[in-house]
Amino acid sequence: MPKKGTKSKKAVDDVPDQQENKLPDYLELQRTRVVCNADAPIHTQGFQYSGAFAAMGVDNSVSVEKFCKNFKIDIKRLTEDDMEFDMIGVDASIANAFRRILIAEVPTMAIEKIFMADNTSVIADEVLSHRLGLIPLDADPRLFDYISENDVPNERNTIVFKLHVSCEKGSQRITVKSGELEWLPEGSQLSMASPAQSGDKQKTFTSFSQSQKEILEKPLGVKFKDITIARLGPGQAIELEAHAVKGVGKVHAKWSPVATAWYRMLPEVVILEQIEGEEAEELVKKCPVNVFDIEDLGNGGKRAVVAKPRACTLCRECVMGPCGEKIQLRRVRDHFIYTIESTGALPPEVLFTEAVKILEEKCERVISELS
Amino acid sequence: MEHGSLEDSSASTFSIMEEDHTLANSVRFVLNQDPRVAFCGYSIPHPSENKVNIRVQTTGDPAKDVLKDSLQDLMVMCQHIRGTFDTAVADFRGNKLADAMDIDLNKK
Ligand code: SF4
């Protein structure tokens, strides 16, 4: 938990000195904060150019050493499938790169091909296929290769599932859940051509040379067994085979490893002028997320203080109305509250490390292309 | 691919295929922090083309070297981020374990 109330009292000039020659306060504020006024935010751009303050003898450049010294990560919450952490001392462009990579470029496994043998349910083949594609699979994508158009599906690039359900005539309607997808570690069971003449081994849609059970440590399956796929009425049946392959979110969202990944800048609520008595009570009531609190002054008076600025949603309720001038809402430019919600294939902390690795790979690729 | 002039290597546009804002914006940030850079920016000429153009103008050094250094710097930053993150996760897990043990001890 963040220490309550410490952040808010911090004035801008408490920020660790990054230069020997200090900037005047108002410029330092512009450089490190976005100020959210009642009408619109100001100083949203920041100063990126290294020579922005050259005329004042202030160096605005950031060397790698300086970056490494100031960079901090503070984990707030970490569970099996979601996490929240503070990333401090990094520019929005880099924080955003990780977000973009998490959503669109970290690979996962998802069902891509459906071989429909029978579908007499009310749900159309293509809709059913789409629903199957979106089911998160509990398979580590790092153990698999990408499959390209001319590749033969094998045990290293394809996961095969079977779904065979039917509802008997005269019985109740049934619901088909994702848990009924059965993993076929030996590969496809559907034969490709009509009855093979030479009897020995039938040609199927995959050519596994060994069972996936031998190359994987744990059995594969779906992450959640209770996702409704279809409903079957009496006499209806579904029989199909689903082939899952490795892919990335920019091709189709079903491969996105995160439900979503987002960040927000750390809010900072500053009381510029003391707010007392009635007005303070009013202010506390006004904030929907209880950012403010009342502090009793010795003589029976009351004063508003900022108790939990982190909760601020920037609704700007407090800066509108009578005492609006006395409050300033700010955001710390280089402090990001990052949230990652995994869909289940990989835990969130692994996803983030993978995302950082992907950015590294991108750099490496371009460097080698340039030389 | 680099587009520049033969006589003056200090200003060039680099066309990078199969990349987008993800890399270009990060590199632009790192380039901007480099005192050798006089100007830099990037553009995506057409949204349906997977390509970015990164423009680098320096105060004298070859643009290509400066860009390469920036990419190198970005890589080092990423490695540092990864390292810090892993330590933070390990610490967080460690603390949680310690907390759990504390509670057990207090309960007796
Ligand atoms: S902007 Fe909204 S949430 Fe934030 S402190 Fe003001 S009233 Fe509360």
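Naming convention: chains lettered A, B, ... in sequence-line order (proteins, then strands); numbering from 1 in each chain.
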Quiz item: Heavy-atom distance under 4.5 Å to chain A: side chain of B/V27, backbone, both or neither?
Solution: neither

Exercise. Verify, without hydrogens or angle tests, whether B/S26 (side chain) and A/I94 (backbone) share a donor-acceptor contact under 3.5 angstrom.
Key: no

Quiz prompt | Option in A/I75, A/V64, A/I73 with maximal non-hydrogen atom pairs under 4.5 Å from chain B | solution = A/I75

Practice problem: Identify the residue among A/Y338, A/F336, A/Y263, A/F98 that makes a ring pair (Phe, Tyr, Trp, His ring centres under 6.0 Å) with A/F85. | Solution: A/Y338

Self-check item: Toward chain A, the part of B/D34 with a non-hydrogen atom under 4.5 Å
Solution: backbone

Quiz item: Looking at B/D20, B/I81, B/V37, which one has more heavy-atom pairs under 4.5 Å with chain A than the rest?
Solution: B/I81

Self-check item: Residue selection (most heavy-atom pairs with chain A, distance under 4.5 Å) from B/Q72, B/H21, B/K64
Solution: B/H21

Quiz prompt | B/E18 portion near chain A, given a 4.5 angstrom heavy-atom threshold | solution = both

Quiz item: Does a side-chain heavy-atom distance below 4.5 Å link A/Q48 with B/R28?
Solution: yes

Quiz item: Hey, what's the ring geometry for A/F71 with A/F67, parallel, tilted or perpendicular (30° and 60° as the breaks)?
Solution: parallel

Practice problem: Indicate yes or no for a side-chain donor-acceptor contact from A/K246 to the backbone of A/F144 under 3.5 Å, with no hydrogens or angles considered. | Solution: yes

Quiz item: Side-chain contact, heavy-atom cut-off 4.5 Å: A/D138 with A/K218?
Solution: yes

Quiz item: Tell me, side chain or backbone of A/E105 under 4.5 Å from chain B's heavy atoms, or both, or neither?
Solution: side chain

Quiz item: Do B/M77 and A/V90 have side chains that get closer than 4.5 Å, going by heavy atoms?
Solution: no

Quiz item: Which one, A/G51, A/S371, A/A54, leads in non-hydrogen pairs under 4.5 Å with chain B?
Solution: A/S371

Exercise. Select, from A/A52, A/A97, A/A92, A/S63, the one with the greatest count of heavy-atom pairs under 4.5 Å involving chain B.
Key: A/A97

Practice problem: With a 4.5 angstrom heavy-atom cut-off, could you sort out which part of A/R365 is near chain B: side chain, backbone, both or neither? | Solution: side chain

Exercise. Could you tell me which portion of B/F85 (side chain, backbone, both or neither) has an atom closer than 4.5 angstrom to a non-hydrogen atom of chain A?
Key: both

Self-check item: Lys/Arg N to Asp/Glu carboxylate O, A/K362 vs B/E19, below 4.0 Å
Solution: yes

